[in-house]
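What follows is a set of notes on a single structure, which appears directly below.
Proteins come first, then strands; the chains are lettered A, B, ... in the order of their sequence lines, and each starts at number 1.
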Amino acid sequence: MPVITLPDGSQRSYPEPLSILDVAADIGPGLAKSTLAGELDGSLHDACDLITTDASLRIITARDEEGLEIIRHSTAHLLGQAIKQLYPEAKMVIGPVIENGFYYDIHYPPGFSQHDLQRIEQRMRELAAADTAVVKRMTPRDEAVATFSARGEDYKLQLIEDMPEVQSMGLYQHDDYIDMCRGPHVPHHRFLGSFKLTAVSGSYWRGDSSNEPLQRIYGTAWRNDKELKAYLQRLEEAEKRDHRKLGQQLDLFHFEDSAPGQPFWHDKGWLLYSSLMDYMRRKVRAHGYIEVHTPQVLSLDFWKYTGHWGKYRENMFVVDESAETSFALKPMNCPGNVQIFKQGVKSYRDLPVRMAEFGKVFRHEASGARHGLMRVQGFTQDDAHIFCTPAQLEDEVIAMCGLINEVYAELGFTDVKVKLSTRPDERIGSDADWDLAEQALENVCRALELDWSLNPGDGAFYAPKLDFHLHDAIGRVWQCGTIQVDMNLPNRLDILYTGEDGEKHRPHMVHRAIMGSIERFLGVLIEHYAGDFPLWLAPVQVMIMNITDAQQPYARAVHEQLLQAGIRAELDTRNEKVGFKIREHTLQKIPLLVVVGDREVEQQLLSVRLKQGQDLGSMTPAALIELIQQAAQPGQNDLPAFVQQQ
RNA sequence: GCCCACAUAGCUCAGGCGGUAGAGCACUCCCUUGGUAAGGGAGAGGUCACAGGUUCAAUUCCUGUUGUGGGCACCA
């Protein structure tokens with residue numbers, strides 16, 4: 001005699017158990033037709049599942065987020081069906097839902113080519129159009145084992161072995177295909193159809209590279225073709241702001257075979273790079289840091305002493321290993337900074353020492369890991385190490401969080417989330433130290449009311465950390481800043497300070513980076529701004545164009561004047577029409593375009609327009625200089641709005 | 001490191017079932033001196049990533065290497 005409570009609070013009672021779909025049908029035939037599943041007392045169930053007791057029920061349709069996930073999950077099963085028909089020897093592994101779609105891992109040693117993908121997708125379309133019902137059956141364990149044994153699905157059998165406590169599992173069948181799943185799934189294939197297979201790649205059984213390799217096929221799936229199309233368009237948009245593409249188009253940097261994973265910065269890219277570095281230098285000085293600089297190449301003995309050789313030799317570039325004294329390029333700045341701290345005797349009066357180093361480090365990466373500026377082999381970190389007393393620890397971390405958020409806001413990132421990563425299984429140091437360090441970080445998160453969450457087990461092997469995740473202009477997340485409370489390196493490298501009591505004490509050491517790798521951060525910035533940098537970062541801030549040769553002397557004089565004022569101005573005196581010049585420099589995303597013709601020369605004025613097209617009318621060179629100096633400030637990231645306010 | 005692709009002019013790309021290649025833009029020169037997103041003409045430009053192999057002949061086919069792209073694994 002179940003009584004069903006619906007989301008609007010209304011109740012319906014029924015004489016005997018009935019399915020979720022039955023309830024939907026009772027509410028209305030339209031709802032029944034679009035029912036995908038139901039949420040019963042907070043957990044998702046298939047539409048065919050019976051309701052035997054009183055419960056609250058929410059019908060899930062494609063409009064719900066859960067509905068979309070169900071569609072994606074079922075499309076993965078559709079992929080499975082197509083694969084098994086076309087490649088009967090393939091063994092299905094797992095097919096989960098991911099952001100925007102799904103994938104399926106498949107054991108199929110010959111591998112799938114792009115051509116296979118098209119073939120599979122074609123078959124999926126045929127299957128989706130065939131108007132097939134999906135039938136769920138809760139199946140006793142031994143029967144499920146028998147089913148998958150008969151079908152040669154070795155991996156499904158292993159998955160069953162992984163859940164010894166489960167006595168019956170949901171098997172979903174459509175036509176000749178059977179898959180095991182927690183569900184729910186769509187009740188019928190008419191809900192499927194707006195999908196596309198997007199990529200094929202490799203993966204590993206249980207995600208472990210020492211296990212056998214698997215094939216993974218990625219797909220995207222949506223409620224309808226309109227959503228699918230919109231998604232594919234979003235992908236195109238993201239492609240347009242790809243930093244590698246923009247780096248080429250805007251002449252910022254290039255890569256070449258002679259230096260894999262190391263950018264050649266062109267003048268415009270280096271202006272960007274320098275602007276960022278200048279900005280950070282000013283910032284850290286203002287926040288009480290000292291800046292140091294340590295050697296690039298240090299002896300292997302030193303790296304053995306610090307422990308890096310033991311742990312990271314695979315990723316270290318070694319110089320002349322056969323020589324009597326071997327050296328390696330530094331992969332990290334911390335040991336060098338510690339060496340500076342160790343010079344002389346430190347008193348508690350000297351602490352905290354906030355030591356910044358814009359140190360260039362080199363890390364040899366696995367061949368498949370490199371990726372434009374996002375993963376390079378030689379890069380500069382905006383690194384710092386804070387040496388402090390235990391009593392100072394939390395305040396120092398609080399100050400760092402303040403600095404980090406200030407920098408992000410000025411760079412145009414307002415949506416910042418923090419993850420507290422705690423001790424991993426493989427680690428060094430005592431549990432007592434880990435307790436202390438983790439507690440300090442958590443205290444800070446609470447005290448500052450950061451938007452934070454726990455990421456258990458994801459800390460570095462030597463320290464727990466706060467990681468800062470930025471959300472960019474198109475919603476992607478980038479992990480950039482990090483704060484790591486390290487109780488281990490001070491021990492290992494034996495650093496000490498003299499306390500108030502005259503005794504030697506061990507300082508705490510906090511590693512911290514805001515941008516992380518400058519190279520990578522520039523990649524993020526390029527994509528965030530789509531190459532449209534705010535005035536204070538734009539490599540070229542102003543382009544001066546003459547209309548005919550007659551204005552060349554005046555244009556040159558104005559150019560000089562702007563350069564003298566410290567403005568990044570360029571001059572275009574080419575024999576081209578002004579419309580042509582404007583088009584080119586607009587495409588080069590130069591914020592301010594200045595035109596000088598006879599009228600301007602006569603009145604000693606400049607005709608100014610914004611990249612976005614607004615005409616700012618005429619102004620004197622001095623007025624333009626003042627405008628730029630006021631607008632080109634960190635944090636001032638919207639020139640049209642700034643101009644509007646003037 | 002693993003899976004699947006890719007590498008042709010400065011850039012974006014076409015081409016060829018084996019007979020050393022083409023377009024647009026950029027570049028150089030000429031005409032044009034034009035007021036806010038492409039004025040016109042001519043010219044120059046390539047060891048078809050690199051190394052082997054097959055072949056009378058390889059940019060094209062095969063193998064390997066390097067690099068790049070999408071993922072996996074890794075990421076102090």
Between [options], spot the one nearest the side chain of [X], thanks.
X        : options             : value
A/Glu576 : B/G34, B/C3, B/G39  : B/G39
A/Val200 : B/C4, B/A76, B/G71  : B/C4
A/Gln248 : B/U36, B/C11, B/C27 : B/C11
A/Gln215 : B/C3, B/U36, B/A76  : B/C3
A/Tyr218 : B/A26, B/C72, B/U33 : B/C72
A/Ile582 : B/U36, B/C27, B/A76 : B/U36
A/Pro260 : B/A73, B/G35, B/U68 : B/U68
A/Met332 : B/G1, B/A76, B/G35  : B/A76
A/Arg583 : B/C74, B/G34, B/A37 : B/A37
A/Arg244 : B/C3, B/G70, B/U36  : B/G70

Is it the case that A/Arg72 places NZ or CZ above or below the six-membered ring of A/Phe102, under 6.0 angstrom from the centre and within 45 degrees of the axis?
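Relative to the ring axis of A/Phe102, which defines the angle, A/Arg72 lies outside at least one limit.
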Does the structure show a Watson-Crick or G-U wobble partner for [N], both distances under 3.5 Å? Name it, or say none.
N     : value
B/A37 : none
B/U63 : B/A51
B/A9  : none
B/U28 : B/A42
B/A58 : none

Check A/Glu584 against A/Arg574 and note the closest heavy-atom contact, atom names and distance.
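Answer, listing the atom of A/Glu584 first, then A/Arg574: OE1-NH2, 2.7 Å.
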Nearest-Å distance for atom pair [atom1]/[atom2], residues [X] and [N]:
X        : N     : atom1 : atom2 : value
A/Leu214 : B/G71 : CG    : C1'   : 13 Å
A/Met374 : B/C75 : CE    : C1'   : 15 Å
A/Tyr108 : B/C4  : OH    : C1'   : 14 Å
A/Leu592 : B/U36 : CG    : P     : 19 Å
A/Leu587 : B/C25 : CG    : P     : 15 Å
A/Gln377 : B/U66 : CD    : P     : 13 Å
A/His364 : B/A76 : NE2   : P     : 17 Å
A/His585 : B/A38 : NE2   : C1'   : 13 Å

Confirm from the modelled atom types if [X] and [N] form a donor-acceptor pair under 3.5 Å, side chain to base only.
X        : N     : value
A/Arg375 : B/C74 : yes
A/Asn575 : B/G34 : yes
A/Glu600 : B/G35 : yes
A/Tyr204 : B/G71 : no

Which is true for [X] with a 4.0 Å heavy-atom rule: it touches a base, it touches only sugar-phosphate, or it touches nothing?
X        : result
A/Leu117 : nothing
A/Arg216 : sugar-phosphate
A/Ser210 : nothing
A/Phe255 : nothing
A/Asn315 : base
A/Asp598 : base
A/His371 : sugar-phosphate
A/Gly207 : sugar-phosphate
A/Tyr103 : nothing
A/Gly372 : sugar-phosphate
A/Thr548 : base
A/Gly579 : sugar-phosphate
A/Ser209 : sugar-phosphate

Which value, in whole Å, describes the distance between the [atom1] atoms of nucleotides [N] and [M]?
N     : M     : atom1 : answer
B/A14 : B/A23 : P     : 16 Å
B/G15 : B/G53 : C1'   : 25 Å
B/G10 : B/G46 : C1'   : 12 Å
B/C50 : B/U32 : P     : 44 Å
B/G43 : B/C4  : C1'   : 44 Å
B/C56 : B/G18 : P     : 15 Å
B/G64 : B/C6  : P     : 15 Å
B/C29 : B/G45 : C1'   : 14 Å

So, do A/Tyr462 and A/His511 have ring centers that fall under 6.0 Å from each other?
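Ring centres of A/His511 and A/Tyr462 closer than 6.0 Å.
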Between the side chains of [Y] and [X], is the shortest nitrogen-to-carboxylate-oxygen separation below 4.0 Å, so that they form an ion pair?
X        : Y        : result
A/Asp154 : A/Lys91  : yes
A/Arg206 : A/Asp208 : no
A/Asp458 : A/Lys465 : no

OP1 or OP2 of B/G1 sitting under 4.0 Å from any side-chain N/O of A/Ser367?
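Affirmative; the distance criterion is met.
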Closest nucleotide of RNA chain B for A/Arg370 versus for A/Val608: which of these residues is on the 5' side?
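The residue mapped nearer the 5' terminus is A/Val608.
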Which comes earlier along RNA chain B counting from the 5' end, the contact point of A/Tyr462 or that of A/Glu256, where each point is its nearest nucleotide?
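It is A/Glu256, whose closest nucleotide lies nearer the 5' terminus.
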Are the side chain of A/Lys589 and the backbone of A/Ala538 linked by a donor-acceptor contact shorter than 3.5 Å?
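A pair under 3.5 Å: no.
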Residues A/Tyr204 and A/Asp105: side-chain donor-acceptor under 3.5 angstrom
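Per modelled atom types, A/Tyr204 and A/Asp105 side chains form no pair under 3.5 Å.
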Check against side chain to side chain contact (heavy atoms under 4.5 Å, CB included), A/Lys330 and A/Trp303:
CA-CA 9 Å; A/Lys330 71 169 166 181; A/Trp303 296 117; 3.4 Å; yes
At what distance, to the nearest 0.5 angstrom, does NZ of A/Lys84 lie from CD1 of A/Ile106?
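CD1 of A/Ile106 is found 10.0 Å from NZ of A/Lys84.
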